[in-house]
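As structure tokens, the structure follows; a few thoughts come after it.
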Amino acid sequence: MSRTTWDLVKGSPVPGLLLRTLPGLLVIFSVLTVSSHRHRLPVPVVVVLGAVVVLSNVFLLSPRYGEPLARRTSIALLVFVTAGSLLWYALPESALIVLPFWAARVAVRYHQAGRTEVVVVALGVLGASVPVYISTRSLPGALGTALGVTALVLASVNRQRREEQIEGMEVSLARKQAAIEEHSRAAALAERARIARDVHDVLAHSLAGLSLSLQGARLMLVRDGASPEAIEQVTRAQGLAAEGLAEARRAVAALREDAVPDVRALGDLVTAYRLESGATADFEVEGEVRMLPADVMSTLYRTLQEALANTRKHAPGAPVDVKLSYAADVRLAIEDRPGRRPSRPAPGGYGLLGMRERADLIGGSLDAGPTSNGWRVELRVPV
């Protein structure tokens with residue numbers, strides 16, 4: 001199904017990053033034009049406050065919905081709202097009143113607010129309203145500003161809860177769909193097992209009996225001195241019966257085997273991890289999906305399955321990003337983000353060793369190691 005331009009925009013992180021950089025850009029513009037506006041603090045102090053706001057704004061580019069703010073992000077938000085409020089006080093004729101508004105919104109937008117976020121909201125209310133009162137000596141104006149920040153915070157909280165409800169409904173539907181698919185798959189496997197038993201009990205046994213009978217007939221013909229033509233015909237019939245028996249056994253084995261996993265099966269593994277752990281788990285497919293050999297798909301499936309099992313064991317509840325890329329080669333990258341670098345490299349256990357052995361068997365390579373805030377596994381397979 002083709003994707004529209006709007007779908008691409010919604011799925012891209014670029015618009016969100018641009019919105020998060022707007023406060024910093026606004027501060028840079030206001031500081032550069034400080035000489036043309038009235039300012040309550042000396043220009044060097046304004047420049048320092050602007051630099052602090054811009055620097056802290058850089059640390060606020062990383063929050064992701066559904067994840068609590070990291071400690072350094074919370075500290076950066078405290079610094080941002082404090083310096084931003086002072087800068088708004090220093091430049092009352094600028095548009096920097098948006099800084100405390102923006103900080104208060106960020107504090108409650110992505111995750112349920114904690115103590116630090118509540119302090120940020122309180123500072124945002126005071127930081128926006130107090131300079132208004134100092135500039136205008138209007139208590140209603142200051143109260144209106146404070147109510148504006150409060151209204152924005154409540155709207156952000158309401159939106160976050162609504163998105164959580166929608167996500168909960170999606171998770172519930174995914175669970176129901178997974179249960180239906182599992183039931184269908186179990187029914188299909190049961191039917192295949194029944195057919196395999198019937199083929200084995202009827203066709204395979206009949207062919208085995210026919211082959212033994214033909215072998216006995218050939219031996220009797222040889223014993224009685226029958227013509228070579230008759231012996232050759234019986235021998236040929238025995239060979240055909242033996243080939244039919246081998247084909248029947250292969251058909252039974254195929255019916256009893258599970259189906260080769262596909263891209264949807266990989267997505268089901270990620271969905272299962274999200275449902276079991278309650279953590280954020282994203283699965284992204286990049287490039288044009290194409291058919292891959294069964295051994296390659298099985299290796300991709302087993303590698304993802306083992307990597308998620310390791311995450312459950314060593315970083316329970318950690319957010320996980322899974323990316324399957326189709327290019328000159330096929331790459332599967334699994335990265336968990338518990339928010340800290342592993343204290344020491346994980347020992348090369350049988351799980352990691354097994355993943356490498358599977359990759360070697362299909363001519364691929366596997367890299368695994370710590371990142372700045374978690375662990376990453378990447379499988380490359382030339383196709």
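These numbers come from a predicted model, not from an experiment.
In this structure, Arg72 forms no cation-pi arrangement with Phe59, as its terminal cationic atom is not both closer than 6.0 Å to the ring centre and no more than 45° off the ring axis.
By the salt bridge (charged side-chain N to carboxylate O under 4.0 Å, His left out) test, Arg312 pairs with Glu276, sequence neighbours left out.
Taken together through direct or relayed side-chain contacts under 4.5 Å among Ile, Leu, Val, Met, Phe, Trp and Tyr, Val48 and Leu41 form parts of separate hydrophobic clusters. Tracing side-chain contacts under 4.5 Å through hydrophobic residues (I, L, V, M, F, W, Y), one reaches Val34 starting from Leu99; they form part of the same cluster. Leu214 and Leu219 sit in two unconnected hydrophobic clusters of ILVMFWY residues. Membership requires side-chain heavy atoms under 4.5 Å apart, directly or through other members. Placement of Ile75 and Val119 in two distinct hydrophobic clusters is found when ILVMFWY residues are connected by side-chain heavy-atom separations under 4.5 Å, directly or transitively. Note: the hydrophobic cluster containing Phe29 does not contain Phe101 (ILVMFWY, side chain heavy atoms under 4.5 Å, direct or indirect links).
In this structure, the side chains of Leu352 and Arg356 come closer than 4.5 Å at one or more pairs of heavy atoms. The shortest side-chain heavy-atom distance between Tyr273 and Thr311 falls under the 4.5 Å cut-off. Side-chain contact check for Val79 versus Leu55: every heavy-atom pair is 4.5 Å or farther apart. Side chains of Val45 and Leu49 form a contact here, defined as non-hydrogen atoms less than 4.5 Å apart. Counting only heavy atoms from C-beta outward, the side chains of Leu292 and Tyr326 approach each other to under 4.5 Å. Put simply, the side chain of Leu91 reaches to within 4.5 Å of the side chain of Val46, judged on heavy atoms. In this structure, the side chains of Leu221 and Gln233 stay at 4.5 Å or more apart for every pair of heavy atoms.
Interatomic distance, Ser85 OG to Leu126 CG, rounded to the nearest 0.5 Å: 8.0 Å. Within the model, atoms CG of Asp268 and OH of Tyr301 stand 7.5 Å from one another, a figure rounded to the nearest 0.5 Å. With rounding to the nearest 0.5 angstrom, the CD atom of Glu357 is 11.5 Å from the OG1 atom of Thr299. Note that CD1 of Ile334 and CG of Leu324 are 9.5 Å apart. Values are rounded to the nearest 0.5 Å. Summarising the geometry, atom CZ belonging to Arg302 is positioned 14.0 Å from atom CG belonging to Leu379; distances are rounded to the nearest 0.5 Å. Note that OG1 of Thr21 and CG of Leu60 are 11.5 Å apart. Values are rounded to the nearest 0.5 Å.
Between Lys323 and Asp321 there is no salt bridge, since no side-chain N of the basic residue sits under 4.0 Å from a carboxylate O of the acidic one. Salt bridge absent: Glu288 and Arg290 never bring a charged side-chain N and a carboxylate O closer than 4.0 Å. A salt bridge between Arg236 and Glu232 is present, with a side-chain N of the basic residue lying under 4.0 Å from a carboxylate O of the acidic one. Looking at Glu335 and Arg337, no side-chain N of the basic residue comes within less than 4.0 Å of a carboxylate O on the acidic one, giving no salt bridge.
Judged purely by atom type and a 3.5 angstrom limit, Asp336 has no side-chain atom pairing as donor or acceptor with the backbone of Gly374. Counting only distance, with no hydrogens or angles, the side chain of Ser56 and the backbone of Val53 share a donor-acceptor pair below 3.5 Å. Of the possible donor and acceptor atoms, one in the side chain of Arg274 sits under 3.5 Å from a partner among the backbone N and O of Ala281. At least one donor-acceptor pair closer than 3.5 Å links the side chain of Arg40 to the backbone N or O of Tyr89.
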Would you give me the side-chain donor-acceptor pairs under 3.5 Å for residues 139-147, sequence neighbours excluded?
residue	atom	partner	partner atom	Å
Thr145	OG1	Gly141	O	3.0

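Minimum heavy-atom separation, Val120 to Leu78: CG2-CD2, 3.6 Å. When all heavy atoms of Gly364 and Pro382 are compared, the closest pair comes out as CA-CD, 4.0 Å. Of all the heavy atoms in Phe80 and Ala103, the pair that sits closest is CD2-CB, 3.8 Å. Summarising the geometry of Leu87 relative to Gly50, their closest heavy-atom pair is CD2-CA, 4.0 Å, with the distance given to 0.1 Å. Nearest heavy-atom pair, Ala174 versus Thr271, reported as atom, atom and distance to 0.1 Å: CB-CG2, 4.3 Å. Nearest heavy-atom pair across Ser94 and Trp88 is O-CZ3, 3.6 Å.
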Checklist line | Working for side-chain contact (heavy atoms from CB on, under 4.5 Å), residues Leu332 and Val381 | finding: CA-CA 9 Å; Leu332 176 66; Val381 182; over 6 Å; no
Next item on the list: Test Trp102 against Leu152 for side-chain contact (heavy atoms from CB on, under 4.5 Å), laying out the working first.
Entry: CA-CA 9 Å; Trp102 188 83; Leu152 178 62; over 6 Å; no
Notebook entry, point to check: Checking side-chain contact (heavy atoms from CB on, under 4.5 Å) for the pair Val322/Leu266: CA distance, chi angles, key distance, verdict?
Noted result: CA-CA 9 Å; Val322 179; Leu266 301 182; over 6 Å; no
Next item on the list: Begin with the C-alpha distance, continue with both residues' side-chain angles, and end with the deciding distance and a verdict on side-chain contact (heavy atoms from CB on, under 4.5 Å) for Val98 and Leu26.
Entry: CA-CA 9 Å; Val98 301; Leu26 180 60; 3.4 Å; yes
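A donor-acceptor pair shorter than 3.5 Å cannot be found between the side chains of Gln165 and Arg162. No donor-acceptor contact under 3.5 angstrom links the side chains of Arg115 and Ser74, judged on distance only.
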